[in-house]
Amino acid sequence: MRPWLERENRVDGSRRAERSYRELPPWFPTEAVIRAAAIQYPHVVAATSEYNDGAADGTPEVKHHLSRILHLAT
C-alpha cells in the first residue's frame with residue numbers, strides 16, 4: 001500500500017494529493033537514472049526527507065520526482 005500526501009501550494013493555497021513512495025522497486029533502473037540525471041539535471045538534489053522533495057513549488061514535476069528518486073537511492 002502506498003501512502004498519500006496532501007500538498008498545499010504556497011502561492012494560491014490550492015491542495016492536491018500525491019503518492020509517496022518509500023522504496024524503489026527492484027526492477028527500477030536506479031543506476032541508469034542516477035547517471036542520466038547527473039547529465040540532464042545536474043542541479044537537482046536529493047530530497048532531505050520523505051516529506052520534502054527538495055524542489056520548490058512551481059518546479060517542473062519531473063524534478064520533484066527525480067529529487068525523490070535520488071533520496072530513495074541513497
Side-chain angles (χ1 to χ4, degrees):
M1 186 167 138
R2 308 258 192 266
W4 289 87
L5 294 177
E6 183 178 334
R7 295 202 182 269
E8 182 176 358
N9 185 311
R10 294 180 189 148
V11 176
D12 65 11
S14 64
R15 295 177 184 259
R16 69 179 192 265
E18 296 180 348
R19 283 187 177 221
S20 175
Y21 295 90
R22 296 179 187 255
E23 61 186 40
L24 295 172
W27 53 261
F28 190 80
T30 305
E31 296 300 319
V33 170
I34 291 172
R35 283 193 305 273
I39 295 167
Q40 187 70 24
Y41 299 102
H43 57 282
V44 175
V45 297
T48 57
S49 75
E50 66 183 77
Y51 300 107
N52 173 4
D53 65 10
D57 285 344
T59 301
E61 195 168 342
V62 67
K63 294 179 182 179
H64 287 278
H65 291 303
L66 181 54
S67 181
R68 291 286 303 134
I69 291 168
L70 294 173
H71 172 73
L72 295 172
T74 58

Shortest non-hydrogen separation from Pro42 to Ala38 and the atoms involved = CB-O, 3.4 Å
Of all the heavy-atom pairs spanning Val45 and Ser67, show the shortest one and how long it is.
->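 Smallest heavy-atom distance, with atoms named: O-OG, 2.8 Å.
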With side chain to side chain contact (heavy atoms under 4.5 Å, CB included) as the test, would you mind laying out the steps for Ile69 and Ile34 before giving the verdict?
-> CA-CA 8 Å; Ile69 291 168; Ile34 291 172; 5.5 Å; no
Not counting sequence neighbours, which residues clear side chain to side chain contact (heavy atoms under 4.5 Å, CB included) with Pro26? List them please.
->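 Partners of Pro26 under the side chain to side chain contact (heavy atoms under 4.5 Å, CB included) test: none.
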All side-chain hydrogen bond (donor to acceptor under 3.5 Å, both in side chains) counterparts of Ser14, not counting sequence neighbours =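 Listed in chain order: Asp12.
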Of all pairs that satisfy side-chain hydrogen bond (donor to acceptor under 3.5 Å, both in side chains), the ones with a partner from residues 36-45, not counting sequence neighbours | His43-Lys63
First locate atom CG of Leu66, then atom NE2 of His71, and finally report the distance between them rounded to the nearest 0.5 Å.
-> 13.5 Å
